[in-house]
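Here's the structure, in structure tokens; my notes come after.
Letters go in sequence order (proteins before strands), and every chain restarts at 1.
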There are 2 protein chains.
Amino acid sequence: MARTAGSDGERTEAAIREAAVDLIARHGYEAVTMRQLAARVGVQSAALYRYFPTKEDLLFILMREHMEALLDARSNVRPSCGDAEERLAAFVENHIAFHIERRAQTHISNMELRSLSPERLTVILKLRSAYEKELRAILREGAESGAFDLDDIGLTAMAIIQMITGVIVWFRPDERLSVEGVTRTYLSMTMRLVGASTNRETHHVHAGTRLRA
Amino acid sequence: MARTAGSDGERTEAAIREAAVDLIARHGYEAVTMRQLAARVGVQSAALYRYFPTKEDLLFILMREHMEALLDARSNVRPSCGDAEERLAAFVENHIAFHIERRAQTHISNMELRSLSPERLTVILKLRSAYEKELRAILREGAESGAFDLDDIGLTAMAIIQMITGVIVWFRPDERLSVEGVTRTYLSMTMRLVGASTNRETHHVHAGTRLRA
DNA sequence: GAATTAATTGAGCGTACGTTTTATTAATTC
DNA sequence: GAATTAATAAAACGTACGCTCAATTAATTC
């Protein structure tokens, strides 16, 4: 046989991306085969090569688009330029919302860096550090204005990123914890971490929900 | 040819483990081949099977021993039973020291869980949660005694683990940052995170080293 | 120093991988 | 409605994988 009735390039490509994100996030890039991916899409493996020249191209495209989407999401929230604490809160809230919504892509972007060629790895790492740079700028502003009290901007930035990205490792949205609740708690922890002055006030507001688990 | 002059089972097995840890941490379990591993050891791939029945057995053994070593290291530090803050400090210091010293193994234990069979995955996850349970116990004690001020024990524990394990992602010991300096900063961040009361004092002690980066 | 055990090689088995090629059919254009 | 383009199937190519087996040599035992 050959072209199937109702086949559509755009839909097929989207289906490939979707299936690839899910499979690679679940089993890892190296463990996923092109035949497995094709089967999930409902197509022969040769058909994949009409849309993505190689397996690594597919991985790279998925990762690059995820990073670009992260930077875009960030740009759309940034304009609200208040003080450092407001900006940090916006950063954290956006980060957590974005990563919970895109668990699978985030997993891939964090785990499969070593499967990229050196040049492509560089591209992804540049996008990543552009994002992290924004956090460092916020921390620096807060440190200089006295809004924050922290030891080391670089270390604090890494610690915050690790902490708030770590949510996707264990958090499942339909449990005892809502996205809002988790975001609120992480925001509170972040503020304490940077020694924000409004620390204690923020606290006592939801003192009633404390000490779960 | 066959048995080589000076060959020794114990030494060969140790060499296989060492090479496997390095290769798997660098390239990922799925990407490393038995032939590649054998070449690194300086042996034919068939020889590997004298020491490890399958590739997955090798992975599992490496991971299990790493987790057991982590729990052992923890046991040797725990007896110093002071208040919650002291115990938390001991936990964090031990955790960071252990993970910096065993970067590669930690990477493997965090990244290659999905390559284990369900039964073996369960074994590793049990060891992991036994470790995390200790942290939660410390947090609970501190929350109840009033030494700490935190929203949610479970979330705080996960946040701390993610934060202090994240050190191995970017930290390289021979840079501007010493192991001691990083540990001190992370300890300080942890204490702020849990709302420990001695927060501010600890701070001003090394106020002179602040605001790097 | 013969018998036994330990350690390894070299060849190869069966399978599955990423990818290419060619043919074929569906949709679109004119 | 013929010509063209888009989308796929089917088959296969070359390679590399995890792993096994038989043979062979080094070390150890008695």
Original post:
Please give, in whole Å, the distance from C/dT19 C1' to A/Tyr49 OH?
Top reply: 5 Å
**OP:** Rounded to the nearest angstrom, tell me the gap between atom CG in B/Asp57 and atom C1' in D/dG18.
**Re:** 13 Å
Subject >> Nearest to side-chain heavy atoms of B/Ala2, which nucleotide of D/dT24, C/dG18, D/dT8 >> reply: D/dT24
**OP:** Using a 4.0 Å heavy-atom cut-off across all strands, classify B/Tyr51 as base, sugar-phosphate, or nothing.
**Re:** sugar-phosphate
**OP:** Give the nucleotide from the list D/dC21, D/dA7, D/dC19 with an atom nearest to the side chain of B/Ala46.
**Re:** D/dC21
Subject >> Value in whole Å for how far the P atom of D/dG18 lies from CG of B/Leu59 >> reply: 13 Å
Original post:
Nearest-Å distance, CG (B/Leu58) to P (D/dG18)?
Top reply: 11 Å
Original post:
Given atom CG of A/Leu48 and atom P of C/dT19, what is their separation to the nearest angstrom?
Top reply: 10 Å
**OP:** Verify the neighbour count for atom CD of A/Glu65: are there more than 12 heavy atoms of other residues, nucleotides or ligands below 6.0 Å?
**Re:** yes
**OP:** Go through B/Phe91 and B/Tyr131 one step at a time and tell me if the ring-ring contact (aromatic ring centres under 6.0 Å, His included) criterion holds.
**Re:** CA-CA 10 Å; B/Phe91 184 93; B/Tyr131 181 71; 5.0 Å; yes
Original post:
Expressed in angstrom and rounded to an integer, what is the separation of B/Gln44 atom CD from D/dA23 atom C1'?
Top reply: 14 Å
Original post:
Roughly how far, to the nearest 0.5 Å, is CG of B/Asp83 from CG of B/Leu88?
Top reply: 10.0 Å
**OP:** Measure from CZ on B/Arg50 to P on D/dA22 and round the result to the nearest Å.
**Re:** 17 Å
Subject >> Side chain of B/Ser45 - closest among D/dA9, C/dA7, D/dC19 >> reply: D/dC19
**OP:** Output all residues satisfying side-chain contact (heavy atoms from CB on, under 4.5 Å) with B/Thr122, sequence neighbours left out; order by chain, then residue number.
**Re:** B/Lys126
Original post:
Of all of residues 24-41 of chain A, which get a heavy atom below 4.0 angstrom from DNA chain C, listed by number?
Top reply: A/Val32, A/Thr33, A/Met34, A/Arg35
Subject >> Ranges pairing with ranges for DNA chain C, where each run has three or more Watson-Crick or G-U pairs under 3.5 Å >> reply: C:1-30 with D:1-30
Subject >> Ring centroid separation B/Tyr186 to B/Phe171 under 6.0 Å >> reply: no
Subject >> Among D/dT8, D/dT20, C/dT8, the one nearest A/Thr4 by side-chain distance >> reply: D/dT8
Original post:
The side chain of B/Thr12 lies closest to which of these nucleotides: C/dT8, D/dC19, C/dG18?
Top reply: C/dT8
**OP:** Write down the atom of A/Leu58, the atom of A/Ala20, and the distance for their closest heavy-atom approach.
**Re:** CD2-CB, 4.0 Å
Original post:
What integer distance in Å separates B/Glu10:CD from C/dT8:P?
Top reply: 12 Å
Original post:
Taking all atoms of both residues into account, what is the closest heavy-atom pair of B/Ala159 and A/Met189, and its distance?
Top reply: CB-CE, 3.6 Å
Original post:
Which atom names give the shortest non-hydrogen contact between A/Ala31 and B/Glu30, and what distance separates them?
Top reply: CB-OE2, 3.5 Å
**OP:** Answer with yes or no after comparing the ring centroid distance for B/Phe98 and B/His66 against a 6.0 Å cut-off, counting only values under it.
**Re:** yes
